[in-house]
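Index from 1, following the sequence.
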Amino acid sequence: MKRGDRRDVVRGGGVVALLAARGARTHRRAWAAVFAALALGSLLLGTLGLAAGSAALGHARVERYAGADAVVAGTQSTRYTAKPWGSEARTVRAGLTERVRVPARALDVVRQVPGVRAVIADVAFPVTAHGRALTGRPWEATRLASAPARLLEGRPPNGAREIVVGEGVARAGDRLTIGQRAGSATYTVTGVSADARRTVHFSSAESRRLADRAGRAGELDAIGVLTDSGVPDDVLRTRVRHALDAAHLRDVSAPHRADDDPAPLRVLTGDARGEAEFLAAAPARMPLLQVLASLASVVVLVGVLVVTSTVAQALRQRARELALLRAVGATPWQLRRAVGREVGRIAVLAAAVGSVGAVPAYLALRALLVGRGAVPEGLELPFPPWLAAAPLGTAGLMVLIAWLTALGCCARAARVRPAEALREEVPGSARQLTGCVLLGLGAASAGAGALQHGAAAAAAASASALTMVIGCALLGPWLARGAMRVLGAPMRRLGVGGRLAASACTANAARLGAAITPVVLVTAFVLVQLAGGTTLGHEAAAQARDAARTDVAVSGPGVPYDAVERIRRLPGVAAATAVAHGTVVLPGKELGEPSLERLRVLGVTPRSLARTLDPAVREGSTDGLRPGTVAVGTDRARTLGVRPGDHVQLRFGDGAEARLRVVATYERALALGDFLFSYEELTRHMSAPPPVRVLAALAPGTSPTSLSTAFPGARVERDPVPERVRAEDQALGEVLTAVAVTAIGGFTVIAVLSTLTLISVGRGPELRQLRLAGADRRRLRRMLLLESAATATAGLSLGTATAALPLLAFALSAAGRLPWLPPGQGALIVAVVVLTTTSATLIPALGALRGRYPVAAR
């Protein structure tokens, strides 16, 4: 072949292709670990990408208003505008979980809109029947459903004392007593509906009267709009919107809202109609997206660390081979292209396998979220066919990461002279300095987290752990030398195997550092992910137990709304407290940015509160709780800078803004919430008064049977579960934390296995020489076991120390206590690390230990 022809072959990539193909075949064991890491990364990122895409497309299910062309409803969100540091004013929004109602006079306005055939008022109110909690609605509103209501027997209600009930409640012609907050009345059942479920249907006039008695005079839940055929949704929406604006109509919360929080009536069409029925669905989408984005960022960071570590270790084992190629004339361009093509083949195949598995993995994740109650009722997570292509993008990201890592790892062999490439690379001072700087930055981030609250503290802890783990990876050889100074002396006392293990680990600090790094990674990240949540949960449960002073709890639809006063008058009752759970929205700034934080809170009757539910008052007194006042948890009071006598400004679940005077601060806020309101104050801002729950403390010797007798049909619990508020996204956080820990654990187990396996394979000649020098198999096995023990011990110790600082800062800031992890979870982490390091060290070395005499490697 002529010289010009050979040059063309080289330029066409013939040599590169040959080197890449032979490298992939020769080093199948090394690339198997890279394949596993890339496939897992592609699978996880593809799954999270599908979940995020589905959540972004999510909407409330359309049921009750599926037959309406449009629905007029209140604004189920609140907004807050503030100016960040050195920037223009920004506006943030937060969903409201209590219904914001529509003024009844909007009916006449919408009725006059061209193209509107009919308008139907819908209003819901709580009622009871046979001791069961039911919902009252007008029969006419059933026209708004996709199909007319089916009557199994009887006819619709027409008169004031006629009702239609669901199947199994009563039969047509029966007389049924319907209870309401203002009293009870007897109605005649004129029909039984197959679609009513837990609903009692009244005539339109009777529904308006009962809604007025429930405190909602002149207010409607929503207005359903039926149009003539041929009116497009966008035209209808525009016409109704203009008519409402021209009439200057706002929802009923408008007079009580903040100046920067307008409350126009909404006109909903299409999938948005479901937002008027399932109030919790729309507010849940943004937290779901935020948690998925946070989890995806963790997976990306850990995946990058693991993939780069795995690829680097695979190429490090071939450092002499690459140097030899340079020495015999391979150009830097050929070396880079060969390694890039070799890694690219593996990466493309692995990413494709992972992306294919992402679809069933996402379906399993969605089923898990729904099954655990992490997705609120009514939230639809669609999965259109085109969304199945999303994992291809995440697969491309994993391929790019692997390719860039490969180019970076072979940079030295391609850059230096051929003779210098054969020398062993020694970690330089720049790497040591960078590692020390990252450790310092991680410590500073942990210190900053100790001064933060809530999400900011959690984010600071995660950033601190990540920074310190990367710092430990850079300082691996030096940390390994320090670990062997501590572990070397005890190991040498364990016989010949111990002395061999100590000598091998000390002489090969870089190798030990590479083995320790993935163990540090798994330990630190899993500890931070697990211990943060368990610390808060453990402290909240302890505070709830300490706050509980209750002997019995009385609840159920059969309990009247004045039950707390009646229970207090019963013989043997020392104290009684009514309790209601609700939400508020707190406007403020987080790291300089405007924020709206939705919080779960309690409403209580303050009389003798400490005898039933003791919040551990620090300053002031909860006896002064009444409308217009509030008690604040000590941590939140410190953040807001308030004390008894000061004022706080917040928004209730229906969007109404209030400026409340602080009457007390208390310690047990993790269990009872950051704010305590009077029962009357909180319930007046709720969609419907919640079922009454009364906590009662009894005098010694008093039997709870007197309470059962006083309230027939009520549920009387002895030694009830301690009262405790739970975050709205707690179930979501628990499920996705488990997913995150599993993902991180899977990544790092692959990293530990691959790193130690490649190290053990590379030590084959060393082990055979030791056998030729007289070391028997028993001593070598003992040496390898002690080396794996040293790796696990050093990695677990460094990982725990790395996680300790951010965890300590977060736990003291958020819970006021030391970090806590269930012993079973800690033991599981140790067991996984020990089992992984032992198997990855021993199994690859079996070939060198097999037989009476060592044989040459083939």
Side-chain angles (χ1 to χ4, degrees), residues 33 36-37 40 44 298-299 302-303 305-306 309-310 313 465 469 472-473 476 479-480 483-484 486-487 490-491 494 497-498 501 505 512-535 537-538 734-760 781-804 806-807 818-846:
L40 179 60
L44 290 172
V298 172
V299 170
V302 175
L305 287 175
V306 170
S309 173
T310 307
Q313 187 62 35
V469 163
C472 287
L479 293 176
M484 289 314 302
V486 177
L487 299 175
M491 290 173 64
L494 298 177
C505 291
L512 180 61
I516 288 174
T517 297
V519 180
V520 174
L521 176 70
V522 65
T523 306
F525 267 108
V526 171
L527 281 177
V528 169
Q529 291 289 333
L530 286 179
T534 57
T535 299
H538 184 68
E734 291 174 351
V735 172
L736 293 184
T737 296
V739 172
V741 169
T742 304
I744 293 170
F747 263 131
T748 47
V749 164
I750 289 174
V752 172
L753 283 172
S754 62
T755 302
L756 291 177
T757 298
L758 291 173
I759 290 174
S760 298
R781 277 196 296 268
R782 186 178 180 86
M783 178 192 77
L784 293 174
L785 282 173
L786 288 174
E787 286 185 14
S788 67
T791 301
T793 302
L796 287 169
S797 301
L798 289 170
T800 303
T802 301
L807 272 178
L818 296 176
W820 182 84
L821 185 71
Q825 295 182 6
L828 180 62
I829 295 173
V830 174
V832 169
V833 169
V834 170
L835 180 63
T836 304
T837 53
T838 302
S839 59
T841 302
L842 283 180
I843 294 176
L846 292 178

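- Nearest heavy-atom pair across Gly795 and Thr523 is O-OG1, 4.1 Å.
- Across Ala803 and Ala524, no two heavy atoms sit closer than the pair CB-O, 3.8 Å.
- The OG1 atom of Thr535 sits 9.0 Å away from the CG atom of Leu818 when rounded to the nearest 0.5 Å.
- Formation of a donor-acceptor pair under 3.5 Å by the Thr534 side chain with backbone atoms of Ala531 is found in this model.
- Nearest heavy atom pair, residue Ser788 against residue Leu785, reads OG-O, 2.7 Å.
- Distance CG/Leu796 to OG1/Thr837: 8.0 Å, rounded to 0.5 Å.
- For Leu798, the side chain to side chain contact (heavy atoms under 4.5 Å, CB included) partners are Leu479, Ile516, Val520, not counting sequence neighbours.
- Among all heavy-atom pairs drawn from Val519 and Ala792, the shortest one is CG1-O, 4.4 Å.
- Interatomic distance, Ile829 CD1 to Leu527 CG, rounded to the nearest 0.5 Å: 4.5 Å.
- Side-chain atoms of Thr838 do not come within 3.5 Å of backbone N or O of Leu835 as any donor-acceptor pair.
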